[in-house]
Amino acid sequence: MNDEPRAVGPGASGDRPAGARHAWRFATVRERPGRGRLPIETRDAEAARALQTALPRRGFIDAGSIYNYPAERQAPGTRVAMDLSIFRPGDLLWTVTRLPCHDQLDDVRDRVGRSYTDLETAYIEFTIRHLPHCSRTKVCVAERYARAFPGVARAASVQFRQKGGAVIDASMDERGRWQRAGASCRTSLAYLLYEEQAWDGGPGLLASFGMCAADTLVWNYLLANRYPDLLATAPFVMAELTPPERPQRPQTSDFACDWKVHFLTSEPGDRPARQGARRSAARDGSAARDGSAARDGSAARDGSAAQPVWPR
């Protein structure tokens, strides 16, 4: 029996309503020796759950997951064919896991296993179009984004530490020299990538990740709850993430709101800081009714904010 993963899910039979847009999570399976091949554990599951709650509000129907299994004995440079006929224009494939574009080249310690399927290859090629070099230890941003955004230019080529999180270790200056960030640096980077069509007649692709599990969770929680208008719209978003100076053991996922986010692309319309704060504001009537929030610089309720002309 062929045990290679297959792309199946709602709509595979072709009977879905006209105009329905499905969203599949492209989920990387974390395999453990002796645990078989069931997708019991996928990478970044909590971050995926956060993003999954936002996509229906963007007009997508949750179609479940497509599991990306690490290959057992697959030679690099070859591809495993998958049935891609279930995807339609307007659909979305999304992931919150950084795919291993250059991990082997950079000798990354904890590598994400490759499946070598044509779908994974399409995802890696998509990532490289935005991030020409992307591994756990080093990321380089496409030159068009560095030209468009001064903040991106300052962090266009960055190295990350592999121990104690994924804080910035060094960045390349305009002369091509690596400048160390210093031992006190607590800042890392997060990325959101999107293309409306992966191939002719195919779905869109979205990738949203930080450089370690904690950063990925915080980033996707904030995208889902503060900045959902960026999802499946902006082709490239890049931000600095800095945790609080004295992080506590969190009781809820609202801890992400304590992290500082600084966008290196364009600042989107903001959202209330916490879900609990939104609920209490609604109960006590503290939200301004006369539009004063708009006057003091906070975003309008509909989230409308000026969007830049994104370089392609």
Side-chain angles (χ1 to χ4, degrees), residues 1-14 16 20-31 36-39 41-45 48 51-52 55 60-106 108 111-136 139 142 191-209 216 232 235-236 312:
M1 177 180 291
N2 182 6
D3 64 349
E4 289 296 335
R6 295 176 297 159
V8 297
S13 61
R16 62 167 123 163
R21 299 195 303 163
H22 285 185
W24 284 266
R25 178 192 172 199
F26 188 63
T28 298
V29 176
R30 186 193 296 270
E31 290 195 309
R37 294 180 62 81
L38 291 177
E41 184 180 359
T42 60
R43 289 178 177 265
D44 304 304
L51 198 66
Q52 197 168 19
L55 290 174
F60 293 99
I61 299 171
D62 181 18
S65 297
I66 294 175
Y67 298 115
N68 193 44
Y69 293 86
E72 293 181 346
R73 286 180 293 273
Q74 189 70 28
T78 63
R79 294 191 185 187
V80 177
M82 294 183 68
D83 178 12
L84 307 180
S85 63
I86 62 172
F87 304 121
R88 297 180 181 176
D91 288 345
L92 183 69
L93 274 167
W94 60 275
T95 186
V96 295
T97 299
R98 180 194 56 78
L99 294 180
C101 302
H102 300 99
D103 283 16
Q104 186 171 5
L105 179 65
D106 289 349
V108 172
R111 299 179 191 172
V112 178
R114 285 287 310 272
S115 69
Y116 300 101
T117 63
D118 47 10
L119 187 55
E120 181 195 61
T121 300
Y123 235 118
I124 286 178
E125 291 173 349
F126 149 75
T127 302
I128 292 174
R129 286 194 290 272
H130 299 269
L131 304 173
H133 191 100
C134 183
S135 75
R136 170 59 180 81
V139 173
Y191 305 87
L192 173 64
L193 317 176
Y194 171 68
E195 290 181 6
E196 189 174 2
Q197 197 170 68
W199 58 82
D200 290 341
L205 293 181
L206 184 148
S208 175
F209 56 87
T216 295
F236 180 78
R312 297 284 184 179

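With sequence neighbours excluded, no residue satisfies side-chain hydrogen bond (donor to acceptor under 3.5 Å, both in side chains) with Q197. Scanning for salt bridge (charged side-chain N to carboxylate O under 4.0 Å, His left out) contacts around D103 gives R98, with sequence neighbours left out. Partners of F126 under the ring-ring contact (aromatic ring centres under 6.0 Å, His included) rule, at least two apart in sequence or in another chain, are Y123, H130. T97 is linked by a side-chain hydrogen bond (donor to acceptor under 3.5 Å, both in side chains) to D44, counting only residues two or more places apart in sequence or in another chain. In terms of the side-chain hydrogen bond (donor to acceptor under 3.5 Å, both in side chains) criterion, H102 has no residue partners (sequence neighbours excluded).
Taking the side chain as every heavy atom from C-beta outward, T28 and L99 approach each other to under 4.5 Å. Side chains of I86 and H22 form no contact here, defined as non-hydrogen atoms less than 4.5 Å apart.
At least one donor-acceptor pair under 3.5 Å links the side chain of T117 to the backbone N or O of E120. At distances below 3.5 Å, at least one donor-acceptor pair connects side-chain atoms of T95 with backbone N or O atoms of F26. Between the D106 side chain and the V108 main chain, no donor and acceptor come within less than 3.5 Å of each other.
Between the side chains of T216 and R43, no donor-acceptor pair is found at a separation under 3.5 Å.
The shortest heavy-atom contact between A48 and W94 is O-CH2, 3.4 Å. Between V80 and S115 the shortest heavy-atom distance is CG2-O, 4.1 Å. The two residues G201 and P89 make their nearest non-hydrogen contact at O-CD, 3.3 Å. When all heavy atoms of C101 and C134 are compared, the pair lying nearest together is CB-O, 3.4 Å. Of all the heavy atoms in F60 and A23, the pair that sits closest is CB-CB, 3.8 Å. Here the closest non-hydrogen pair linking L105 and H133 is CD2-CE1, 3.9 Å.
Rounded to the nearest 0.5 Å, atoms CH2 (W24) and CG (L119) are 11.0 Å apart. Here the straight-line distance linking atom CG of L93 with atom CG of L84 works out to 9.0 Å at 0.5 Å rounding. Atom CG of residue N68 and atom OG1 of residue T42 lie 11.0 Å apart, to the nearest 0.5 angstrom.
Here the rule is side-chain contact (heavy atoms from CB on, under 4.5 Å) with L55, and of I61, D62, L92 only L92 fits it.
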Evaluate side chain to side chain contact (heavy atoms under 4.5 Å, CB included) for F236 paired with L192, printing each intermediate quantity in order.
-> CA-CA 6 Å; F236 180 78; L192 173 64; over 6 Å; no
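Judged as a salt bridge (Lys or Arg N to Asp or Glu O under 4.0 Å), the pairs with a partner in residues 124-133 (not counting sequence neighbours) are, in order, R79-E125, R129-E195.
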